[in-house]
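Quick caveat, the model's predicted, so the values are computed rather than measured. Residue numbering restarts at 1 for every chain, and letters A, B, ... go by the order of the sequence lines.
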Amino acid sequence: MASDQSAITTQRPIKRSEFPSSVPRPDGELEELVRIWSPPRGLRLISAVNNSYIGVWYIGASMLFFVLAGILALMMRAQLAVPENRLVGHALYNQLFTMHGTLMMFLFAVPAVEAMGVYLLPNLQAARDLPFPRLSAYAFWAYFVGGLAFFCSLFFGLAPDGGWFMYPPLTSYTFSSGINADFWLLGIGFIEISAIAGAIEIIVGVLKTRAPGQSLDKLPVYSWAMLVFALMIVFAFPAIIVATVLLELERAFQWPFFLADKGGDPLLWQHLFWFFGHPEVYIIFLPAAGMVSMIVPAMAQTPLVAYRLVVLAIIGTGFLSFGLWVHHMFTTGLPALSVSFFSAASMAVSIPSGIQVFAWIATLASGTLQWKTPSYFILGFLFIFTMGGLTGVMVAMAPFDWQAHDTYFVVAHFHYVLIGGMVFPLFAAFYYWAPTISSRPLSERLGKTSFWLMFTGVNVTFFTMHLTGLMGMPRRTYTYIADMGWGPLNMVSTIGAFVIAAGVLAFLIDLAKNFRPFGADAGNPWNAGTLEWLPTGNYQTRSIPIVTSREPLWDQPNLAADVREGRYYLPGAPTRSRETIVTSPIEARPQYLLRMPGPSWPPVLAALFTAAFFFGLTLKIYLPAFACGTLAISCVMWWIWDTDPGPDATPVDIGGGIVLPVYVTGPVSHSWWAMVILLLVAATAFVCLLFSYFFLWTVNPQVWPANKAGLPHLGWPAASAASYLLSSGLVFASGKLLARSPGRGSAAVTLTIFVAILLVALPVAIEVLGHQSVRVWPTSTSYAAIVYTLAAWQGLFAAVVILMGLYTSARSVAGLLSAERRVTFDNMQLFWHYSVAQGLVSLAIVHLFPRSLW
Amino acid sequence: MFASLLVWAAYFAFVYLFNALVCARNLDHLQLLGFGIVPLTIAVVTVMAAAFVLALLINAVRSRNDGNEHRNSSSSFLRYLTVAAALFSILAIGWGGLPALLVPPCG
């Protein structure tokens, strides 16, 4: 593979004699690189997949939803400005606050930070693109189209109205019989898919597509933050997926998970929701903190103080944030000691947050600050976020929370945290990084105007809300009587909200006047030291540099010119297609050359049909919905058909004597990593289902089978287990057969997979029939509902396994599967064995746990 | 590298679920060796978890002096993270277990 990688691990600047590629470069090399990476023209631009375009569109879409959610906030503030106002009725007001929170959290905050990652990470790591460009495109289009359709539900009075956290029983079928709640439950579905797709892209991107030499100790803090952010999505989002599935099953089919009279418990929703919801706060904050850690050193012209501690703080925050969810449930009557554990963890998480804040302050103090717009937004962030952090410590103390819960004090707290911790860093980032994509930087005058309006507005609006809350004003009420004395404070908050809006308007005017993307960039106006400030085109950098420090542009003299002249790795496109270097996860040593797709329609179409599928389900037009679902799956198949090209090209010299293969299989492959991360998502969702099973048993053990009359005979699960094990064994055997089939597919492999497909589907039917044999029906009790859900969940995995098996067989028949060309098979095999393991655990718990209680 | 933080996660999950189960089944009156079952169990588990993380920390510190002269910057960086994460985990475990000595389990 790599023949000479000694230059990559050096800690000193590269000498002229050590450059991997000689100059002058051959005529036409740069022109070919530009041609290969050129975006399509006209309407075909929609099919662009590379990160420059998708990233900027993604950011633009998230800002659109920010503005829309802000307009909803202004409508609410107008309603609350004076007592007993009749501007907005209570029904619309309920939809407004639900949509405001949902849009801000699901359609602005998470997509915005993910979008920034899609745009910035390849730049920061000198990769030509992220490893799965079409996945990014799919994630963007599913989010954008679905998000717009979701927003439009407001115009038909169909928007969800149960609050952005959708607590049952209010949102179950008894009290919310319309389809408003379904819009939330199914509408959020595509956003979850989009977020998880983006997270997989980002994890593999950070770990596998870096500049040679950019080892973990030289990784930009932003990349660390995005890595932790994406991993948090992997472990947090499955909880909300499971929660929405359970509530939708209850609403659509009356399976009682949250109904107390049938053994359910509404607190199950709260546990699942906040197991996602609290990490969500840090999912939003950590990328923003990562941006701050990049902007502060550049604006202060000095390296970040305590880099290693800041990295530790990011990782520590990621872990601890999963131990905080109950602090949203302090008033639900949980045991005192349980509450105390979460109170303690809530205080402990202030340590890593504090480490970062002090590191930024120390960096600012040790350098010379450039008083430009990004610096203003950073200083505003430090002030507002610290204020939010302080009130956070207050509400982390249970006795205080009991008083402040569901009042405007809490509203003030989380707006300080979210606006301070995410919105201000994001605006700092817009002003800071705009010159990397726009031919003109944004205006200093309009930027500072925007900052002062937003900073003033935020403090006027939300500081006042602390007082309104302490005076007892509850959240989510559409009006109040004058005698309460809340009128003047509310009027001040409303004025402040419109001042914030004026600040955002100034920013939008600045964008309209100065933001000119996709042409030449505006250079490096801040004299920043990291790789995104190298001269770039749609192909990112002309050549891929060797990184020897955390601020290469400060430490490697003439780096920008050397990269532009093509002195480093991969100065052209040796495979005559889009490509990027895949590196090892720790040391960032080149491992292989990944050939990448160009403009592509299938991800766009798959996204459109995915959104249509979910909205068809919401509107209960099932036939068109399933047609769209089928089309979405077909588009995905079309898209992935050419993703396993096989070893059809010779190894490539990328410069410096390093010759890389263009096709690999197994754990080195980026594809293997993506599949493993997907399985982590699946496993987390399954654990959440098991948690639901045991939670329901804990609160209502009387609905669990008390004797063998309530459980299927052990012969049923034994037959299922045997079928599962046999299917896994056959897949394992077909892998061995494939290894003996060099150069072409094998009929024996195809046949074995077909038999294995039958065996993996059979246990789902056996499980359902087994429960029916003892007259257990899913609508009867929470026990029955959860065991049928586990069976249905396994059915879903069986369906995916069947699809994967048929797809792999089709590739075998088409001659696209062989001993050497086996990434498709390996991925199928991983998913297959996982599904079987999940099925066996499910069987063991459903059939053995109740027996262990007798 | 992050084994200590995983220990914290496992510890936290255990103490929360254990206390929840004891309270749900009204078992908080049970005693062992004259101590309530909840504070005693949590104290023992806290000490065990902290001791395990301490062992991870000592192992990471010792690996610094194992005679390997070819260590590069990323391995020393990862060792630093291991040690610092272990220290933070011990703090989080000790702090998390403290309420068991002060607060009634199911009050």
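- Checked against the 6.0 Å centroid threshold, A:F694 and A:F849 count as a close aromatic pair.
- The aromatic rings of A:F341 and B:F12 sit perpendicular, their planes meeting at an angle over 60°, well past the 30° parallel limit.
- Looking at B:L102, there are no atoms closer than 4.5 Å to chain A (heavy atoms on both sides), in backbone or side chain.
- For A:T530 (side chain) and A:E551 (main-chain N/O), no donor-acceptor pair under 3.5 Å exists by modelled atom type.
- Note: B:N19 leads B:V103, B:N19, B:L17 in heavy-atom pairs under 4.5 Å with chain A.
- At least one test fails for A:R308 against the ring of A:W224: distance under 6.0 Å to the centre or angle within 45° of the axis.
- Partners of A:S692 by side-chain hydrogen bond (donor to acceptor under 3.5 Å, both in side chains), not counting sequence neighbours: none found.
- Interface check for chain B: of the options A:G318, A:A336, A:A345, the most heavy-atom pairs under 4.5 Å are formed by A:A336.
- Counting heavy-atom neighbours within 6.0 Å of B:F52 CZ, excluding the residue itself, gives a total of 12 or less.
- Classification of the A:W269-A:F273 ring pair by plane angle, with boundaries at 30° and 60°, yields parallel.
- Only the side chain of B:F88 comes within less than 4.5 Å of a heavy atom in chain A; its backbone stays farther off.
- Neither the backbone nor the side chain of B:L98 comes within contact range of chain A; no heavy atoms are under 4.5 Å apart.
- A:W554 CH2: more than 12 foreign heavy atoms inside a 6.0 Å radius.
- Checked against the 6.0 Å centroid criterion, the rings of A:W704 and A:Y693 qualify as a close aromatic pair.
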Subject >> Stepwise side chain to side chain donor-acceptor pair (under 3.5 Å) check, A:S223 with A:Q125 >> reply: CA-CA 8 Å; A:S223 296; A:Q125 299 174 184; 2.9 Å; yes

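- Chain A is approached within less than 4.5 Å, heavy atom to heavy atom, by B:V38 from residues 26-39 of chain B, ordered by number.
- When A:L219, A:L320, A:I315 are compared by the number of non-hydrogen pairs under 4.5 Å with chain B, A:L320 comes out ahead.
- Applying a 4.5 Å heavy-atom cutoff, the residues of residues 348-356 of chain A that approach chain B are A:A348, A:I351, A:P352.
- Among residues at least two apart or in separate chains, side chain to side chain donor-acceptor pair (under 3.5 Å) pairs with a member in residues 313-325 of chain A are A:H271-A:W325.
- Using a 30° and 60° split on the angle between ring planes, B:F14 and B:F18 fall in the parallel class, below 30°.
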